[in-house]
Amino acid sequence: MDRRQFAARSLAAAAGAMLYRHPGYAATPLSAEQVPGSVPDSLIEQARFPEGFLWGTATASYQVEGAWNEDGKGESIWDRFTHTTGKVRGGVTGDVACDQYHRYPQDIALAKQLNQKSQRFSISWPRIQPTGTGAPNMKGIDHYSRFVDALLEAGIRPWCTMYHWDLPQALEDRGGWPNRDLANYFADYAGILAKHLGDRITVWAPFNMPWAIAFMGYAAGAFPPCRTSFSDFLKAAHTLALAQGEAHRAVKAASPKATFGSAYEMAPAYPKTDSDDDRAAAARYHAMNNVFFLEAAMKGQYPKAFVGEPPYEVMGFKAGDEKLLYAPLDWVGFHYYTRRIVSDASKEQFRSGGNFSGTEIESNSPGGRDPYTRFRAAMPTEGPLTDAGLEVWPRGIYDLVTQISKDYNHPIIEITESGCGYLDGPDEEQNGRIPDGRRIQWYREVLAELARAIADGAKVRAYHAWTLLDNFQWGEGYTERYGLIYNDFRNQKRTIKDSGLWYGRVAASNRLNV
Ligand code: IFM
């Protein structure tokens, strides 16, 4: 992320904070009548979740584990990035993060105390294959084996993301995701995981947010390896889609119990105006940012994300790739944070991309976000902003879940991440209690809309709050707090926030007014 983008992010976060910095802000969100887009209390009171609904949280290896060079782990692209001066806010790294590599028994005990039934976590590829290929490092396998056993003992379903952004640096040195060979390397890695852990893990997803991996890393340059090439982005996206298919086959071959799904980023896209052009642009956004990899898996083809024909040649698409892309998912997993307003830019001269907003690239520049999709996607500010700068728009989860249900023939759905960044910390006058009322309100409203989608027929079986505990927030370092549990990074002391206690009661009762 460059300085200009940093400044924009900081301003957005500061503006969000200012909205609430009145006496008692931490415990007192604005009332429903004052907040555009908010959900009526009656919907929250009526909301019910089905018996057996899987309440959980999600985490990611680099964001929580620390132990960056222990037990034979290789260097990842995030190790390299954070060890490079000027890349991360505050000059911090994930070398220690939440030290979960050593403290996982305590974190699992906390999740159990909060009545959690599902834990989405990721495995660090360079712990398993330090240079990305070859025989597994058994110390890495043993660590995750112990971790999974501890979850099962706590009555928590282990839910594994095989890759949440920490590519072995050695594979980046071989060209990174634009290099098609990575699809097969990834499949080998997926097969190793399924062989060694597939007797106990039955829920697998290959990638967290594959669009972000390709776009942030290779087009926008906000994430490592910080390249800014649109053709590399397209190549990376194609390799990731091939890797999704190859991993599907490798996991199923190695573990008969395996079920295979996804953890896609999604934001419902609303056209800026009712014009045909804006509606077509919103459809392109949905195709590119929401369902690009889902269509590849379910149909063996890419959706209409581009103005004109897909740039197959630039992507490196070969005859027969349709068959390799095909990987019918057993269930569909996606995240919900916020929404987008999309307008057409295809009739203007393309100039450059837009600003990074934490989950993706905002673009209000002439000509659109990139030279292929030619739309402008903006996050509106009609609803309030979180401290992390994202608009609060609870209704979006209803629209997204019902659209995916309808378009994909009512699949089983898992919400793989959903949450909000607020900076509330311990209140010394209340014995260190953390009164994060705005986070409770965020979840109450989003979950009420999710319950409405379920009542209308969507087969949602799980919700994973992002995240169990405050962690390393990528380019933002430790300046954003998304956790249900507060972490004091000076001494690794965990304190359950009011929102965590509330979420625990929700998990125990399947209702929201608790
Ligand atoms: O922390 C991230 C996570 O790694 C991916 N999804 C968005 C979260 C909040 O920014």
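Values reported hereafter were calculated over all heavy atoms of this structure, with side chains retained and with hydrogens, waters and symmetry mates removed. What you are looking at is a predicted structure, and each value in this text was computed from that prediction instead of being measured. The first residue of the sequence shown is numbered 1, and numbering continues consecutively from there. Ligands are counted one by one from 1 in listed order, and the atoms in each one are counted from 1 as well.
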Y486: ring-ring contact (aromatic ring centres under 6.0 Å, His included) partners, not counting sequence neighbours: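 Expected list: none.
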Residues that Y398 engages under ring-ring contact (aromatic ring centres under 6.0 Å, His included), provided they are two or more places apart: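 In terms of ring-ring contact (aromatic ring centres under 6.0 Å, His included), with neighbours along the sequence ignored, Y398 is linked to no residue.
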Tell me whether [X] has any N or O atom under 3.5 angstrom from an N or O of ligand 1.
X    : result
W474 : yes
Q63  : yes
H164 : yes
W466 : yes

Whether Y503 side chain and G56 backbone form a donor-acceptor pair below 3.5 Å: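 Side chain of Y503 to backbone of G56, a donor-acceptor pair under 3.5 Å: yes, one is there.
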Sidechain-backbone polar pair: S418 side chain, Y337 backbone, donor-acceptor under 3.5 Å: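 The answer is no, because no donor-acceptor pair under 3.5 Å joins these two groups.
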Part of E265 within contact of ligand 1 (heavy atoms, under 4.0 Å):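 The answer is neither.
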Side chain, backbone, both or neither: the part of M209 lying under 4.0 Å from ligand 1 by heavy atom: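 Only the side chain of M209 comes within reach of ligand 1.
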Sole candidate of E414, H464, E417 that passes side-chain hydrogen bond (donor to acceptor under 3.5 Å, both in side chains) when paired with R120: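 Exactly one pass, corresponding to E417.
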Side-chain donor-acceptor pair present, R444, Q441, cut-off under 3.5 Å: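 Per modelled atom types, R444 and Q441 side chains form a pair under 3.5 Å.
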Ligand-side contact atoms (ligand 1) for residue partner Q473, heavy atom cut-off under 4.0 Å: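 Once the distances to Q473 are compared, the set is 1 (O), 2 (C), 9 (C), 10 (O).
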